[in-house]
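Structure first, then comments.
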There are 2 protein chains.
Amino acid sequence: MQLKELSERTGVPPASIKFYLREGLLPPGQAVTATRARYSPQHASRLELIQALRRVVGLNIAQIRKLTRLADDGVPRLELLAAVQRTVLRLDEVGTEHGDIRTPAGDAVVRLRNWPDAPSDARNALNAHVTLMENLNIPVTAELLDAYSKALDAIADLDIAATTAPGDVNRLIMTAAVGMHLHSQLVLKLLALAQASHAIRRYKDA
Amino acid sequence: MQLKELSERTGVPPASIKFYLREGLLPPGQAVTATRARYSPQHASRLELIQALRRVVGLNIAQIRKLTRLADDGVPRLELLAAVQRTVLRLDEVGTEHGDIRTPAGDAVVRLRNWPDAPSDARNALNAHVTLMENLNIPVTAELLDAYSKALDAIADLDIAATTAPGDVNRLIMTAAVGMHLHSQLVLKLLALAQASHAIRRYKDA
DNA sequence: GTCATAGGATAGAGCTACTATCCAAGTGGT
DNA sequence: ACCACTTGGATAGTAGCTCTATCCTATGAC
């Protein structure tokens, strides 16, 4: 398929495809001749990935480039997953760097779930986040962490299993990034429903 | 205090304060004379709210204006909370409107938690979100919803209790919006840690 | 009297993500 | 052979958004 067809299939305008090519998000097609290039279904899947990371997860071009570069360089899937995590957690943005920190909350989760007690970006991010919430007087109880982490334990297992399954690398990034994002949105919506429910109950007589 | 001092206290440049005044995010100060205006601590707290909604929650000026207008118009706190929810859930953005829809998952949560069975924006948003996740082959199990909603039930109770407590309206919006956002981020980070933990466990011998 | 500040208006900067135009070279279909 | 169409590459322009800067006149504090 050539550029125009790729555009029609994915719904992305040709000018934008060229832009992504220039920016290095989309690898160049196979040059058949000097003025013809052939694009594969992987290009289509890459375009879908770009759209999803932009519009759903809200990443910018530079962040998407980092991830797609890794995918194109063929780094191991596990390493790729770690990069996706760092990006979605916004650990690559300024003002979010912290050394290894520990909090009772972070330790508690690891113990509760019997997770390996090893430092990681994710753990530092969690500890920093819990600290932030407590500083803002938003309580993070052990019960809360227990309930959350219990639910997430099973999900993470599936996610990691998916990294070993063969398949399109674009889909791996898509699943990981979009999955993380959608789970966090799910909580947002559940919390809203919970608040609405409590409000109804508390004020129904008013 | 006058404009310059307000600027110094909050760290927001005077030009930006003028901008927020123009945009109607910040109510005008009390005009002492034709060329002097006095700003109260509420103005400072409003400025902090604006900053937090912009930089932490990621709302745009129009969204912030909607919320601050309601606050300035003195709508009931419960109504204000509902508006904050709609905004943080991005229910006011195009392409997110749906009628009343029901899913087994949404019904299950309400039944599990014994929440009132009434339609609401939050419930529709939840149902739409669950549908989306299932379409993307991301399973949303009853156990997951049980664990999440159980944890959130208690939090929501506190949140709603906070709406009746007296205090600065700016703080109410701040707490609600930032609180929702931080809870969803907490899940993001926990999921990352869970994934990292499972990855270590699964690959430690490789 | 002088200097700083107010409100009001208006313009422009800086960023990001496109979008449009032009080009010369080359191709596929008839 | 012809010609509409496509390619990569270059370059410039647009659109949306959030500020930021400048200029203005009136006026108040000291």
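Per chain, numbering begins at 1; letters A, B, ... match sequence-line order.
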- request: Give the C-alpha distance, both sets of side-chain angles, the deciding distance and a yes or no for side chain to side chain donor-acceptor pair (under 3.5 Å) between A/Thr163 and A/Arg77.
  value: CA-CA 6 Å; A/Thr163 61; A/Arg77 289 171 165 243; over 6 Å; no
Would you mind classifying the nucleic acid contact of [X] as base, sugar-phosphate or nothing, using non-hydrogen atoms under 4.0 angstrom?
| X | result |
| --- | --- |
| A/Pro28 | nothing |
| B/Leu3 | sugar-phosphate |
| B/Lys18 | base |

Candidates [options] - which lies nearest the side chain of [X]:
| X | options | answer |
| --- | --- | --- |
| B/Gln2 | C/dA6, D/dG8, D/dT18 | C/dA6 |
| A/Ile61 | C/dC18, D/dG28, C/dG26 | C/dC18 |
| A/Thr35 | D/dT6, C/dT19, C/dT16 | D/dT6 |

Please state how far atom [atom1] in [X] lies from atom [atom2] in [N], giving the value in whole angstrom units.
| X | N | atom1 | atom2 | value |
| --- | --- | --- | --- | --- |
| B/Glu23 | D/dT20 | CD | P | 14 Å |
| A/Glu5 | D/dC5 | CD | C1' | 15 Å |
| B/Leu53 | D/dC19 | CG | P | 12 Å |
| B/Ile64 | D/dT18 | CD1 | P | 8 Å |
| B/Leu59 | D/dG16 | CG | C1' | 17 Å |
| A/Lys4 | C/dG28 | NZ | C1' | 14 Å |
| A/Gln51 | C/dA17 | CD | C1' | 12 Å |
| A/Glu8 | D/dT6 | CD | P | 9 Å |

message: Is it the case that over 12 heavy atoms from other parts of the model lie below 6.0 angstrom from the CD atom of A/Gln30?
response: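 Check fails, neighbour count at 12 or below.
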Any side-chain N or O of [X] below 4.0 angstrom from OP1/OP2 of [N]?
| X | N | answer |
| --- | --- | --- |
| A/Arg38 | D/dT7 | no |
| B/Arg22 | C/dA11 | no |
| A/Tyr39 | D/dT7 | no |
| A/Arg54 | C/dC18 | yes |
| A/Thr33 | C/dG26 | no |
| A/Ser16 | C/dT19 | yes |
| A/Tyr20 | C/dC18 | yes |

Which atom pair, heavy atoms only, marks the closest approach of [X] to [Y]?
| X | Y | value |
| --- | --- | --- |
| A/Lys189 | B/Ala125 | CD-O, 3.7 Å |
| B/Ala192 | A/Ala122 | C-CB, 3.7 Å |
| B/Leu190 | A/Trp115 | O-CH2, 4.4 Å |

Closest-nucleotide ordering on DNA chain C, the 5'-leading residue of B/Ala37 and A/Ala34: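 Looking at the nearest nucleotide for each, B/Ala37 comes out on the 5' side.
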- prompt: Between B/Arg36 and B/Asn60, who's closer to the 5' end of DNA chain D by nearest nucleotide?
  reply: B/Asn60
message: Under a 4.0 Å threshold between the charged nitrogen and the carboxylate oxygen, would A/Asp146 count as salt-bridged to A/Arg113?
response: yes
